[in-house]
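Residue numbers begin at 1 in each chain, while the letters A, B, ... track the order of the sequences.
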Protein chains: 2
Amino acid sequence: MPPILPMSTAYHHGDLRAAALQMGMERIENQDHPDLGLRALARDLGVSATALYRHFPNKDALLDALALEALGRLGANQAKAARDAGGGRNGFIEVGITYVTWAVENPALFRLIYTRVEKVDFDCDPTEMGEAFNQLRAGIAASMPEGMSAEQRNVAALHAWSLVHGLAMLILDGQVEYDPEMVRKTVVMTDFRPA
Amino acid sequence: MPPILPMSTAYHHGDLRAAALQMGMERIENQDHPDLGLRALARDLGVSATALYRHFPNKDALLDALALEALGRLGANQAKAARDAGGGRNGFIEVGITYVTWAVENPALFRLIYTRVEKVDFDCDPTEMGEAFNQLRAGIAASMPEGMSAEQRNVAALHAWSLVHGLAMLILDGQVEYDPEMVRKTVVMTDFRPA
DNA sequence: CGAACTATGATAACAGTGTCAACATTGCAT
DNA sequence: ATGCAATGTTGACACTGTTATCATAGTTCG
């Protein structure tokens, strides 16, 4: 039976898993790319590299856990934006801008999410990750205009997601310089009026 | 003075630089991610790992060269699509679909381009890379509808690029399954009619 | 309370990587 | 022919992720 409360000694760390995730998160937050080394991380934690293997089967699993945390933050951010902005055209615009802004402010976390997500089936619990992504999708879908067929709404949601995702990526990759005005203009240009 | 024609011996390879680029390209083409190892590549070339350092200052430079080649292919593909499809709304649709399709068919090359491009200032010739990107942009811009102000055309081009780039990325990252019909519908939904 | 068990840590080692310094071989030019 | 520059090789260093083995401490139970 696992202990309810963590133990803390000079030898035993206390709650290494949580500490590793927190420090990993801090390290990634202050980067542009999610470059995380197991040994380097362990060093900063004052612990041997192999100690982490008691809490994660391998490096990928650790990164997956961090990606899940990052995705949770992004999803919550989007959900809040969708709530604040309401639905309809205006809602979509604000939600879209929020997506790009979060990506610009958290480049490495944003990258981590989409770098890790394709390997989810192997290392991480696909249910959790799927749920987190459903929440993200829900935030976007909630901002779609009404008076559309279900299929049209789906296509519109994919269109919207693609637009802001691509814009964020192009900014992060240095292809277009970040300019809030430009972002707004680009998102505003989207119009879901039926042809 | 460097020799005009390559030499070829058991000891001297002949044209290692070209061979490395070609084999690197082949290796990446058959992958989903541009994972390239210097030593592994050298092994397959039947040459010692350090021999590559006579032709590239480091691994990043090699990857940059490959990225430049990949970008050239993508740019040519887009230019041809723009030429074939003509301008206007229909042109944009076809050019956009071409972009996504190329990305799906060359996932690792597509990734390589945007993974490497931000480090261009350091290792690779920024002019070449910039030129190749300008060509790509030109292909997209050529498909923008006329009768817009210059600024509107710029915004529209960014909008279009973001849309197809994001759609391609989401497909490559396994977030939406590739379906040509869905891609077409998503791109077609774009409408640049002035509000 | 003491002994066994489990959870968690540390060390040593292996294979792999990118990279550098030193040395070897070849072709070209004077 | 000799010397130089281009090119390739070997050996080493520091680093990485990972595993096997051993050490320590907290928990549980007779």
Side-chain angles (χ1 to χ4, degrees), chain A residues 1-24 27-28 31 33-67 108 112 115-116 119 122-124, chain B residues 1-24 27-28 31 33-67 108 112 115-116 119 122-124:
Chain A
M1 224 176 289
I4 308 296
L5 287 181
M7 47 193 174
S8 181
T9 322
Y11 194 88
H12 286 311
H13 179 280
D15 194 351
L16 182 55
R17 181 186 164 92
L21 289 179
Q22 182 178 342
M23 170 141 285
R27 289 200 130 221
I28 292 182
Q31 285 180 347
H33 288 272
D35 295 335
L36 198 58
L38 255 189
R39 292 179 111 109
L41 180 65
R43 219 173 299 140
D44 281 14
L45 285 165
V47 91
S48 86
T50 54
L52 295 171
Y53 282 82
R54 300 293 156 177
H55 304 272
F56 306 93
N58 49 35
K59 182 185 177 181
D60 276 354
L62 203 171
L63 289 176
D64 284 344
L66 291 173
L112 182 66
T115 305
R116 282 283 129 194
K119 302 180 181 173
F122 299 99
D123 303 312
C124 166
Chain B
M1 221 176 290
I4 308 296
L5 287 179
M7 47 193 174
S8 179
T9 321
Y11 194 89
H12 285 311
H13 179 279
D15 193 351
L16 183 55
R17 181 186 163 93
L21 289 180
Q22 182 179 342
M23 168 142 285
R27 289 201 130 220
I28 292 182
Q31 285 181 349
H33 287 272
D35 294 335
L36 199 57
L38 255 190
R39 293 178 110 109
L41 179 65
R43 219 173 299 139
D44 281 15
L45 285 167
V47 91
S48 85
T50 54
L52 295 170
Y53 282 81
R54 300 296 154 176
H55 304 272
F56 306 93
N58 50 35
K59 180 184 178 181
D60 276 355
L62 203 171
L63 289 175
D64 283 345
L66 290 173
L112 182 66
T115 305
R116 282 284 128 192
K119 303 179 181 173
F122 300 99
D123 303 313
C124 167

Practice task
Check whether any side-chain heavy atom of Asp60(A) lies under 4.5 Å from a side-chain heavy atom of Arg116(A), and answer yes or no.
Solution key: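 When only atoms from C-beta onward are counted, Arg116(A) and Asp60(A) do touch, with a gap below 4.5 Å.
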
Practice task
Side-chain contact test, heavy atoms from C-beta onward, threshold under 4.5 Å: evaluate it for Leu36(B) versus Leu112(B) and give yes or no.
Solution key: no

[options]: which one has an atom nearest the side-chain heavy atoms of [X]?
X: Arg54(B); options: dA22(C), dG9(C), dG17(D); answer: dA22(C)
X: His55(B); options: dT19(C), dG17(D), dG8(D); answer: dG8(D)
X: Lys59(A); options: dT18(D), dT17(C), dT19(C); answer: dT18(D)

Exercise for the section: Decide yes or no on side chain to side chain contact (heavy atoms under 4.5 Å, CB included) for Arg54(B) and Leu16(B), but give the supporting numbers first. Expected result: CA-CA 9 Å; Arg54(B) 300 296 154 176; Leu16(B) 183 55; over 6 Å; no

Handout entry: Base dG18(C) to side chain Arg39(B), donor-acceptor N/O within 3.5 Å cut-off
Key =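 For Arg39(B), whose side chain was compared with the base of dG18(C), there is a donor-acceptor pair (under 3.5 Å).
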
Given atom [atom1] of [X] and atom [atom2] of [N], what is their separation to the nearest angstrom?
X: Asp60(A); N: dT16(D); atom1: CG; atom2: C1'; answer: 14 Å
X: Asp35(A); N: dT16(D); atom1: CG; atom2: P; answer: 12 Å
X: Tyr53(A); N: dT8(C); atom1: OH; atom2: C1'; answer: 16 Å
X: Phe56(A); N: dT18(D); atom1: CZ; atom2: C1'; answer: 16 Å
X: Asn58(B); N: dT19(C); atom1: CG; atom2: C1'; answer: 9 Å
X: Leu16(A); N: dT24(D); atom1: CG; atom2: C1'; answer: 15 Å
X: Leu41(B); N: dT19(C); atom1: CG; atom2: P; answer: 13 Å

Practice task
In sequence, state the C-alpha distance, the side-chain angles, and the governing distance for Tyr53(B) and Leu38(B), and then conclude on side chain to side chain contact (heavy atoms under 4.5 Å, CB included).
Solution key: CA-CA 10 Å; Tyr53(B) 282 81; Leu38(B) 255 190; 3.4 Å; yes

Exercise for the section: Check each residue of residues 42-52 of chain B for a non-hydrogen atom within less than 4.0 Å of any atom in DNA chain D, then write out the ones that pass by number, or none. Expected result: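 Val47(B), Ser48(B), Thr50(B), Ala51(B), in order of number.
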
Handout entry: side chain to side chain contact (heavy atoms under 4.5 Å, CB included) between Leu41(B) and Leu62(B), worked out
Key = CA-CA 11 Å; Leu41(B) 179 65; Leu62(B) 203 171; 4.0 Å; yes

Practice task
For side chain to side chain contact (heavy atoms under 4.5 Å, CB included), just list the numbers for Leu63(A) and Thr115(A), CA-CA rounded to whole Å, side-chain angles, deciding distance to a tenth of an Å, and then say yes or no.
Solution key: CA-CA 10 Å; Leu63(A) 289 176; Thr115(A) 305; over 6 Å; no

Exercise for the section: List in chain and number order the residues that pass side chain to side chain donor-acceptor pair (under 3.5 Å) with Gln31(B), two or more places apart in sequence or in another chain; answer none if no residue qualifies. Expected result: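 Partners of Gln31(B) by the side chain to side chain donor-acceptor pair (under 3.5 Å) criterion come out as none, since no residue qualifies.
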
